[in-house]
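A quick write-up on the structure given underneath.
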Amino acid sequence: MSENKIKVLVAKPGLDGHDRGAKVVARGLKEAGMEVVYTGLRQTPEKIVRAAVQEDVDVIGLSILSGAHNRLFSEIMDLLTRDNKDDVLVIAGGIIPEEDQQQLLEMGIDAVFTPGTPIKNIVNYIEENVN
Amino acid sequence: MEKMITGLKSGQERMIARAISLVENNDVRGYELLKKLYPTTSLAYLLGITGPPGSGKSTLTGKIIKYLRKQGGKIGVLAIDPTSQFSGGALLGDRIRMDEVVTDSKVFIRSMATRGALGGLNSSVFDAVLILSAAGYDYIIIETVGVGQNEIDIVNLADTVLVVTTPEGGDEIQTFKAGIMETASIFVINKSDRPGIEKMELTLEQMLELKEYESGDWKPPIVKTVATGGEGVKQLLVEVENHQRFLQESPRKEERKQEIMEKQLINLMEKILRRQKIEPVVNSDYFKEKIESVLRREIDPYTLAEKLINRGGGSG
């Protein structure tokens with residue numbers, strides 16, 4: 001019997017104060033049997049990456065609605081590389097215009113899930129792609 | 001392995017975190033690591049913080065960390081939340097309330113789920129304590145919800161245990177598990193700016209009076225705090241220091257160490273038994289067939305359990 005559990009950090013970078021979506025996803029992943037660390041609102045890239053390292057998560061889920069995703073996500077990806085934590089699966093959700101999605105994928109974000117995505121799809125994606 | 005040991009001893013968070021995951025996952029490499037660490041590691045001072053959900057434990061933990069950090073020293077935190085018995089998942093949200101200290105390079109916070117689905121004490125908390133001690137953390141705070149036996153066992157590892165309640169918590173006190181009240185070194189009434197504080201204080205005092213304290217015993221003090229604003233935290237830490245000093249001089253100190261090690265050993269033996277004898281049986285088709293035969297009354301479960309244990313670890 002394997003005792004490995006998928007551990008996920010759900011984080012909200014940037015200044016928007018809307019975490020309904022992040023909380024729904026966190027709950028959904030928990031119901032799917034994952035261990036979910038939620039760090040609350042307005043997390044800086046440094047805080048997010050430090051939490052990912054200390055918690056040794058397999059997945060980081062970033063939720064953002066403020067529109068600052070390009071800059072914040074690229075900072076997060078840089079810090080992950082700096083801290084040798086780039087083996088983690090990074091997924092993003094929130095209000096992310098289609099024209100930006102490609103850019104995020106190129107920056108190393110593994111997948112982008114926009115509003116309306118069933119939680120099941122996210123769970124399946126994680127289960128199939130986690131190391 | 002050597003790389004991990006050097007890494008964690010020099011305080012590399014990535015290595016410390018990996019090591020804790022190994023023991024959490026019952027990975028054999030985790031045990032190899034612990035075998036190497038144990039002989040040369042003395043355990044850090046352990047502060048346990050427990051209490052019902054919503055009593056402000058995490059906020060208080062955050063404030064305690066801030067305070068202790070002023071005196072220097074590195075602080076490790078193990079924030080433990082229950083695993084859902086239904087999904088096996090867990091929501092670990094204690095970091096939210098410790099936001100003020102998460103960027104401090106001398107503070108390491110790790111959330112852990114109890115994972116006790118098969119019963120028994122989650123011994124990986126002890127293992128994580130060992131790892132953090134080896135990594136040079138001077139204080140380790142173990143924070144857990146004080147509701148189940150598992151959590152009481154976890155918090156009992158600590159040298160000093162804070163039981164946190166609130167002015168509204170009168171009924172909780174009545175229904176607290178007996179074990180948790182006995183385990184308290186210090187009672188904290190948090191959110192003490194709220195109505196009902198006098199009554200709560202009285203309830204606790206009366207409860208403490210029911211117990212006879214002899215000279216030389218530690219009688220738990222009651223400290224009032226408002227964690228959000230930091231009121232009372234200074235006084236609380238004075239009491240923690242008093243208790244720490246009391247332990248240094250107490251003959252109970254060695255006794256406690258023995259009790260904790262006894263539990264830890266029982267735990268480890270249970271884990272080994274489970275891995276070697278029980279899991280191979282449970283995962284076999286033979287086991288499922290046999291359940292059927294028990295239900296058909298062809299064999300009774302008592303005889304079968306004995307047979308299965310003797311069979312465990314064998315082939316097929």
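Residue numbers begin at 1 in each chain, while the letters A, B, ... track the order of the sequences. Remember, it's a predicted structure, so these values are computed and weren't measured experimentally.
- Remark: the B:Glu24 side chain and the A:Asn4 side chain contain no N/O donor-acceptor pair separated by less than 3.5 Å.
- Distance alone, capped at 3.5 Å, places no donor-acceptor pair between the B:Thr83 side chain and the B:Gly88 backbone.
- Near-neighbour residues of residues 98-128 of chain A relative to chain B, defined by a heavy atom under 4.5 Å from a heavy atom of that chain, are none.
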Go through the steps for A:Asp56 and B:Arg18 under the test salt bridge (charged side-chain N to carboxylate O under 4.0 Å, His left out), then give the verdict. CA-CA 6 Å; A:Asp56 195 31; B:Arg18 278 301 302 147; 2.9 Å; yes

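- Annotation: maximal heavy-atom pairing with chain A below 4.5 Å, among B:Ala17, B:Gly93, B:Ala90, occurs at B:Ala90.
- Between the side chains of B:Arg95 and A:Gln54, at least one donor-acceptor pair of N or O atoms lies under 3.5 Å.
- Heavy-atom distances place both the backbone and the side chain of A:Glu55 under 4.5 Å from chain B.
- For the residue pair B:Ser55 / B:Asn190, no side-chain donor-acceptor distance below 3.5 Å is found, with atom types taken as modelled.
- To the nearest 0.5 Å, atom CZ of residue B:Arg110 and atom CD1 of residue B:Ile80 are 11.5 Å apart.
- Close approach to chain A, defined as a heavy atom under 4.5 Å from one of its heavy atoms, is seen in B:Glu13, B:Arg14 of residues 5-14 of chain B, taken by number.
- The heavy-atom pair separating A:Ile48 from A:Leu9 by the smallest distance is O-CD2, 3.5 Å.
- When all heavy atoms of B:Ala134 and B:Thr41 are compared, the closest pair comes out as N-CG2, 3.5 Å.
- Considering every non-hydrogen atom in both B:Thr59 and B:Arg97, the closest pair reads OG1-CD, 3.4 Å.
- Atoms OG and CD1, on B:Ser58 and B:Ile96 in that order, are 8.5 Å from each other to the nearest 0.5 Å.
- At a 4.5 Å heavy-atom cutoff, the contact between B:Val107 and chain A is made by backbone atoms alone.
- For a heavy-atom cut-off of 4.5 Å, chain B lies close to no residue in residues 58-69 of chain A.
- There is no contact between B:Asp81 and chain A, counting heavy-atom distances below 4.5 Å.
- Contacts of B:Leu91 with chain A are made by both backbone and side-chain atoms, with heavy-atom separations under 4.5 Å.
- Counting non-hydrogen atoms of neighbouring residues, nucleotides and ligands closer than 6.0 angstrom, the NZ atom of B:Lys3 reaches no more than 12 such neighbours.
- Among B:Lys36, B:Arg29, B:Lys35, the single residue meeting the salt bridge (Lys or Arg N to Asp or Glu O under 4.0 Å) criterion with B:Glu32 is B:Lys35.
- A side-chain donor from one of B:Asn26 and B:Tyr31 sits under 3.5 Å from a side-chain acceptor of the other.
- For the residue pair B:Ile75 and B:Arg69, the shortest heavy atom distance occurs at CD1-CG, 3.7 Å.
- Side chain to side chain, B:Arg115 and B:Asn25 meet the donor-acceptor criterion of an N or O pair below 3.5 Å.
- For A:Lys47, the NZ atom is densely surrounded, since the number of other residues' heavy atoms within 6.0 Å is greater than 12.
- B:Lys70 forms a cation-pi arrangement with B:Tyr67, by the criterion of a distance under 6.0 Å to the ring centre and an angle within 45° of the ring axis.
- Of residues 75-87 of chain A, those residues with a non-hydrogen atom less than 4.5 Å from any non-hydrogen atom of chain B are, in numerical order, A:Asp83, A:Asn84, A:Lys85, A:Asp87.
- Side-chain atoms of A:Lys30 do not come within 3.5 Å of backbone N or O of A:Glu35 as any donor-acceptor pair.
- For A:Ala51, the parts lying under 4.5 angstrom from a heavy atom of chain B are both the backbone and the side chain.
- Between the B:Ser87 side chain and the B:Ser84 main chain, no donor and acceptor come within less than 3.5 Å of each other.
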